[in-house]
Amino acid sequence: MGNGGPVVHGYPHLETVRSAITALYRRLSYDTVHTFATSVAPADVAFSDQDDLHMGAQRVARELVRHYRLPDARMIVSFREMEHAASVELAAGPEYFIELNDRFRTHRRDIGAALAHEVMHVYLHRLDLSFPGTRDNEILTDTAATYLGAGWLLLDAYREDAASSQKLGYLTPEEFGYVLAKRSVAFGEAPETWFTSAQAYTAYTKGLAQVRRDEQQPPLTAAGWAGRRRYAKDRRYAQDHGMRGPAPAGPYSFSAEGPQGRGGLRVAFPCPTCHQRIRVPVRGRVRARCGLCRTVLECDT
């Protein structure tokens, strides 16, 4: 929990975030991911200063349990002095003990954000889905919470001005915005109206711009002139030199098709929705469908 210190910006964890989105689709399947098409509603996790602290925290925890479809899990929420925002004891269940930082006693509007992260830890624990190392596993948790409809609360908890700052979670504000924008494109949501933090809205718009750049990488037909020119140069080099020489500078790579490469070239590139690698033949206009997230892609290979 960043509280008063400098907030890291940009995309230092972007590759891990993308790997987390791919892992969600692989572990859950397209159909299960799409059961989370509706995000947690702001009214369902609202928490005012007039609400009873413990009863309100339990109410929000139950709502997140419902959203994550953990009907047989019970969250017991308490408060204590601690360095981090929150922690959860990952036991066999059905009861899980969540401890929240004492700071939330007077910052109740952000209790839903902290619980969104901790309840997602329980969800991933039950899925037996994790990344090696604490840092990457926490990034997976933030990404999963956001992509599955509750992590917008974590972005909305980000506030920063000349005198103070607050940020929850391990992702930067722009990375939270990126994952939320990925979700909004995939499910047709418009989360802009949910934000109470102006800084969160700005981070979301920056993340959305990065998502649009993902959608404009060659060999996708939406790629811009500079990307198309670079791709044509790399393709020509691969055709002239086979697989010898430097790798392309873009996110795509070329490989030989068939025995001894007699079948021509194939190009592999990340799906802009789930980031699984897709391989298609190099033969001009091609329509490809991602087998993982079912996105149909128009390509000019």
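Sequence positions, counted from 1, serve as the residue numbers for this chain.
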Quick one: do Gln217 and Phe269 satisfy side chain to side chain contact (heavy atoms under 4.5 Å, CB included)? Show the steps, please.
CA-CA 9 Å; Gln217 294 295 318; Phe269 60 95; over 6 Å; no
Suppose clustering is done on Ile, Leu, Val, Met, Phe, Trp and Tyr with side-chain heavy atoms closer than 4.5 Å. Which residues sit in the same group as Phe97?
Ile76
Given the side-chain rings of His117 and His121, with only the six-membered ring counted for Trp, is the space between their centroids under 6.0 Å?
yes
Would you say the ring centers of Tyr231 and Phe254 fall short of 6.0 Å from each other?
yes
Ion pair present between Arg109 and Asp156, side-chain N to carboxylate O less than 4.0 angstrom?
no
So that I can tick it off, tell me whether Asp44 and Arg62 are bridged by a salt bridge, with the cut-off set at under 4.0 angstrom between side-chain N and carboxylate O.
no
Looking only at atom types and distance, does a side-chain atom of [X] sit under 3.5 Å from a main-chain N or O of [Y], one as donor and one as acceptor?
X      : Y      : answer
Thr172 : Gly10  : yes
Thr22  : Arg18  : yes
Glu298 : Ala222 : no
Asp240 : Tyr237 : no
Ser197 : Tyr158 : yes
Arg294 : Leu292 : no
Glu175 : His13  : yes
Glu99  : Arg80  : no
Lys182 : Pro272 : yes
Asn101 : Ala86  : no

State which residues pass side-chain hydrogen bond (donor to acceptor under 3.5 Å, both in side chains) with Arg277; sequence neighbours excluded, sorted by chain then number.
Ser253
Interatomic distance, [X] atom [atom1] to [Y] atom [atom2] [nearest 0.5 angstrom]:
X      : Y      : atom1 : atom2 : value
Cys299 : Arg283 : SG    : CZ    : 12.5 Å
Thr221 : Glu215 : OG1   : CD    : 11.0 Å
Leu153 : Leu168 : CG    : CG    : 10.0 Å
Leu155 : Leu171 : CG    : CG    : 10.0 Å
Leu70  : Met120 : CG    : CE    : 8.5 Å
Thr202 : Glu160 : OG1   : CD    : 11.0 Å

Are Leu154 and Val8 grouped together when hydrophobic residues (ILVMFWY) are joined by side-chain heavy atoms under 4.5 angstrom apart?
no
Could you pull out the closest heavy-atom pair between Cys271 and Ile278, with the gap in Å?
CB-CD1, 3.6 Å
So do [Y] and [X] actually touch side chain to side chain, heavy atoms under 4.5 Å?
X      : Y      : value
Arg105 : Leu100 : no
Phe104 : Leu53  : no
Tyr25  : Gln276 : no
Tyr204 : Pro173 : no
Ser255 : Arg279 : yes
Pro6   : Ser165 : no
His34  : Phe187 : yes
Thr301 : Leu265 : no

Angle class for the His275/Tyr178 ring planes (parallel below 30°, perpendicular above 60°, tilted otherwise)?
tilted
With side chain to side chain contact (heavy atoms under 4.5 Å, CB included) as the test, pick out the partner of Arg59 among Val77, Asp52, Asp51, Ile111.
Asp51
Can you tell me which residue among Arg230, Arg235, Arg229 is in a side chain to side chain contact (heavy atoms under 4.5 Å, CB included) with Pro218?
Arg230
Establish, from distance only, whether the side-chain atoms of [X] and [Y] form a donor-acceptor pair under 3.5 Å.
X      : Y      : result
Arg213 : Gln216 : no
Thr16  : Ser19  : no
Ser39  : Glu189 : yes
Lys167 : His9   : no

Could you pull out all residues at least two apart from Arg228 that satisfy salt bridge (charged side-chain N to carboxylate O under 4.0 Å, His left out)?
Asp300
Check this for me: Asp128, atom CG, are more than 12 non-hydrogen atoms of other residues, nucleotides or ligands nearer than 6.0 Å?
no
Using a cut-off of 6.0 Å, state whether more than 12 heavy atoms not belonging to Tyr201 lie near its atom OH.
no
Asp110 vs Arg103, salt bridge (Lys or Arg N to Asp or Glu O under 4.0 Å): CA-CA, chis, key distance, verdict
CA-CA 10 Å; Asp110 298 324; Arg103 185 173 185 272; 5.2 Å; no
Validate the cation-pi geometry between Arg69 and Tyr123: distance from NZ or CZ to the six-membered ring centre under 6.0 Å, angle to the ring axis within 45°.
no
Given His125 and Val88, is the side chain to side chain contact (heavy atoms under 4.5 Å, CB included) satisfied, shown in steps?
CA-CA 11 Å; His125 175 69; Val88 61; over 6 Å; no
